[in-house]
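Comments concern the structure below.
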Amino acid sequence: FKFTILASVPLPLSCASLESATMRGLLARGKSRVQPIAEEGEEDQQMEMMQHMQEQIQQLRAANQRLSRDMEVVRSQMLSLEKREVSERQVMMSKIDKLAKSFEQGEMPKSKEEEEKEKNVITTATGSPMTGDLARAALVFDKGPLLDAVQTQRIFSDCKDFVDMSMKDDPEVIMEAFSKLKPEEVQDPAKLKEFVEQWFGNTGDEFEPWVLPDHKEEPSQLMSISNPEMQAWALEINKIWPTLGIKHKDILHENPQRYSAIPRKNGMVVPGGRFREMYYWDTYWVVRGLLTCDMIETASGIVEDLCNIVSEIGFVPNGGRVYYLDRSQPPLLSAMVREIYQVTWNKEMLARFVPILEKEYSFWMSPTSGRRIELPRLGAQRERQFLNIYRSQRTTARPESYAEDVDTMMEAQGLGRSPADIFRAISSAAESGWDFSTRWLDDGKGQTELGMAKMATIDTCHVIPVDLNSMLYDVERSLAFFHRELAGTDTDASQRFDSAAFQRSSTMHSWLWMGDCYRDYRLDVGTHSTVVALSDYAVPLWAGLHGPPGFNTELLVSSLKRSGLLALCGAVTTVVDSGGRTQWDAPNAWPPMNLMLVEGLDKISGTEALADCLCETWLRNNYITWQRTGFMHEKYDSFEPGRFGAGGEYEPQTGFGWTNGTALVLLCRDPRVPHEDHEQQIAVSEPRTPMRRMSRQGIAIPASGKGRPSSVPKPSTPGAAPPTWTGHGSPSFFIG
């Protein structure tokens, strides 16, 4: 029998109706032909025909499924094209606005007076010009021929050393003397070094040690740690705080134009190592650690200084140097104020700080800063949709990493990029705190093998980051909370910020949600990033974002477990191993993200064992590394116990402010699961190592110790085998 299936069935309106109609047609035709055959006794032909009909039906069902999948792909591609079109339109409108503004203002030649005036002006992250002593210091430390000559000649192994020096005379005098050097002298490293030694003092001359006013040897919270060994370790970490306390000398306040440091009234606790000054987002974890050590006065003074900076210049700069004024860092000032308020409940302080916090929020939301972008309304959205990006004002090399930036710029020019474009992208990545990561490189476009993109492809300003928008969501919720606290009830201001937080979360779920997790969005290609990062999980969870309304958070946690981010010695920064070119990638694990992840999971029911597991995993690695090296480190290797992190554009640093704060907070955290139940739940986890680090699994994993020494052991010899963990939990588990 021959069947012409589609010819016997009218064209259906859907795949389902196609299958249904075809089956009815086949059965009808089959019945009409089966009767005579049966009468003639040809049962074998009837069975053959029915079998053939069943095969045809199965083929139609398979075709129906393929068509359904194809239609779903088409829908997804159409949505992606819509988003990409919006992204391209955004870029084009930005270029048009810039050209229109230039046309309106005209490109008139500048007079000598105007050129001289511009030399004494520095453009801050707000886009506004700044004059005065800081701008005078910037003549030497932020821009100009002397900076270019010293840094490109690589007089110092670390470019930061030069821009952290003091001047022996005013910047105008030094620049006049430099202008008298002959060209061959400027090109001679030895002559240039002699010039620097003649006119400049030592690095860090403006600082002196600061005695922390409320430091105690035995803070009450640390003394409440039940495990004697862990308590002893916490007390040792507490002893590090005084070594990181500094304040500005009087000479800085008398001659601020001779230093790159931004003068501050109060003392400060710095990260350590080459980071001699205050850094914005580092300070949040420092404050957390200080409060854990009952140092409320010290923590409050540090936060007060940050608020004073916002009052003076409109934002918190990346760090306490004039060359950091082109950018900020992740907005955590409101979180610092919240931490102090929830310890002191000082409403007078809160009332004084809230207008300042709103001023910083306005900095991030200002349309002129370039950090807020408008997105199209998708689906049923009626409100205008805004999200934020990192975007520095700098279009020159960063003074503290000048030589490295110039090298990247030279390579980027071969890709057709302008110097201003690449320098802004580099500095914007520094504003993110993740300097540097494959999140900002071509790895995220899905157009190159992960871990292979060059630094010259960096394009930070075309990435909508999950972490920045999660932190701003937290800022909005905090400001709403502060207004309710001050008024004792809901107010117009509290409702306004609640509404802003709701609108941001809605927009994030339109653009940054992937079905079971958040992910950065690439405006340059109109799709989500292909780089899986810890910031996709840790920061939203910390901020209280658990997916769209009605979403089952168990699926989000399941996505985290499958992500490849949970490693032997802590949660790794991304699943991309860049071979050490970028430090905010595998194998490095960073304290801030690990604390945020644990505290984020603590806000979700059903994650008790996982949160406890991550907490103990992180503390174990910190403790083993401290025993081995005698230091707390800026970052750690997430695959080898006792190994600190590496990679990036500077040598690994010790100290270390945010590491100390993170460890102390986690040491004082109460486990959510009884210890015997904890070990039983995590014992079933399978080892999982992401990426290309399988060779590292040949190491011996320290077993759980039985002893309970009364004091912390002395650091062992560097390079020795990892010492045995004898903490309050078993370190022998992994996370599957």
Side-chain angles (χ1 to χ4, degrees), residues 221-222 224-231 233-234 237 285 288-289 292 534 537-544 546 553-572 589-626 636 638-639 641 659-689 701-706 708 724-736:
Q221 292 189 63
L222 303 192
S224 68
I225 298 174
S226 58
N227 181 289
E229 186 178 3
M230 292 300 97
Q231 182 189 93
W233 180 35
I237 296 174
W285 290 276
R288 294 287 306 275
T292 304
L534 188 54
Y537 297 92
V539 190
L541 290 173
W542 171 84
H546 305 143
T553 55
E554 292 182 4
L555 299 178
L556 177 59
V557 176
S558 177
S559 172
L560 169 65
K561 292 178 179 179
R562 298 192 313 270
S563 66
L565 293 166
L566 306 185
L568 176 67
C569 300
V572 69
W590 291 78
M593 292 296 106
N594 275 267
L595 178 58
M596 281 184 153
L597 182 59
V598 172
E599 294 190 328
L601 290 170
D602 279 341
K603 298 178 181 180
I604 304 175
S605 62
T607 62
E608 291 82 1
L610 178 59
D612 286 355
C613 176
L614 289 167
C615 176
E616 293 192 19
T617 297
W618 181 253
L619 289 174
R620 174 192 62 181
N621 195 21
N622 279 216
Y623 182 67
I624 293 173
T625 310
W626 182 81
Y636 292 84
S638 61
F639 302 116
T659 310
N660 303 341
T662 295
L664 290 170
V665 169
L666 291 177
L667 281 167
C668 292
R669 172 186 176 273
D670 292 326
R672 296 170 63 193
V673 178
H675 190 65
E676 56 276 9
D677 296 339
H678 181 141
E679 293 190 338
Q680 184 176 2
Q681 290 188 47
I682 59 180
V684 299
S685 299
E686 292 293 332
R688 182 187 181 99
T689 300
I701 306 302
S704 178
K706 301 297 183 183
R708 293 282 190 247
T724 299
W725 165 269
T726 54
H728 64 283
S730 169
S732 59
F733 55 81
F734 320 164
I735 303 169

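If you're wondering where the values come from, they're calculated on a predicted model, not measured in any experiment. Count residues from 1 along the sequence.
Here Cys615 contributes atom SG and Leu667 contributes atom CG; the two are 7.5 Å apart, rounded to the nearest 0.5 Å. In this structure, CG on Asp602 lies 9.5 Å from CG on Leu597, to the nearest 0.5 angstrom. Considering CG of Asn621 and CG of Leu568, their distance stands at 8.0 Å, rounded to 0.5 Å. Annotation: the span from Leu666 atom CG to Thr617 atom OG1 amounts to 11.0 Å, rounded to 0.5 Å. How far NE2 of His546 is from NZ of Lys603: 7.0 Å, rounded to the nearest 0.5 Å. Taking SG of Cys613 as the reference point, atom CD of Glu608 lies at 13.5 Å (rounded to 0.5 Å).
Taking both residues in full, the closest heavy atoms of Ser638 and Gly570 are given as CB-O, 3.8 Å, listed atom of the first, atom of the second, then distance. Between Cys569 and Pro641 the shortest heavy-atom distance is SG-N, 3.3 Å. Smallest separation of non-hydrogen atoms from Ala571 and Asn594: N-OD1, 2.9 Å.
Two residues are said to be in side-chain contact when any heavy atoms from C-beta on lie closer than 4.5 Å; Leu566 and Leu610 meet this criterion. For the pair Arg672/Thr607, a side-chain contact is recorded, criterion being any heavy-atom separation below 4.5 Å from C-beta on. For the pair Thr662 and Val598, the minimum side-chain heavy-atom distance is 4.5 Å or more. Counting heavy atoms from C-beta on, the side chains of Tyr537 and Leu556 come closer than 4.5 Å. Under the 4.5 Å side-chain criterion, counting only non-hydrogen atoms from C-beta, Leu222 is in contact with Thr292.
Gln231 contributes a side-chain N or O that, together with a main-chain N or O of Ile225, makes up a donor-acceptor pair within less than 3.5 Å.
Legend: residues meeting side-chain contact (heavy atoms from CB on, under 4.5 Å) with Glu554, ordered by chain and number and at least two apart, are Asn552. For Ala663, the side-chain contact (heavy atoms from CB on, under 4.5 Å) criterion is met by Ile237, Leu619, Asn622, Met632, not counting sequence neighbours. Contacts of Trp618 classified as ring pair (Phe, Tyr, Trp, His ring centres under 6.0 Å), with partners at least two apart in sequence or in another chain: Tyr636. Pro592 is linked by a side-chain contact (heavy atoms from CB on, under 4.5 Å) to Trp285, Trp590, Trp658, counting only residues two or more places apart in sequence or in another chain. Take Ser558 and apply the side-chain contact (heavy atoms from CB on, under 4.5 Å) test, not counting sequence neighbours, and it matches Arg562.
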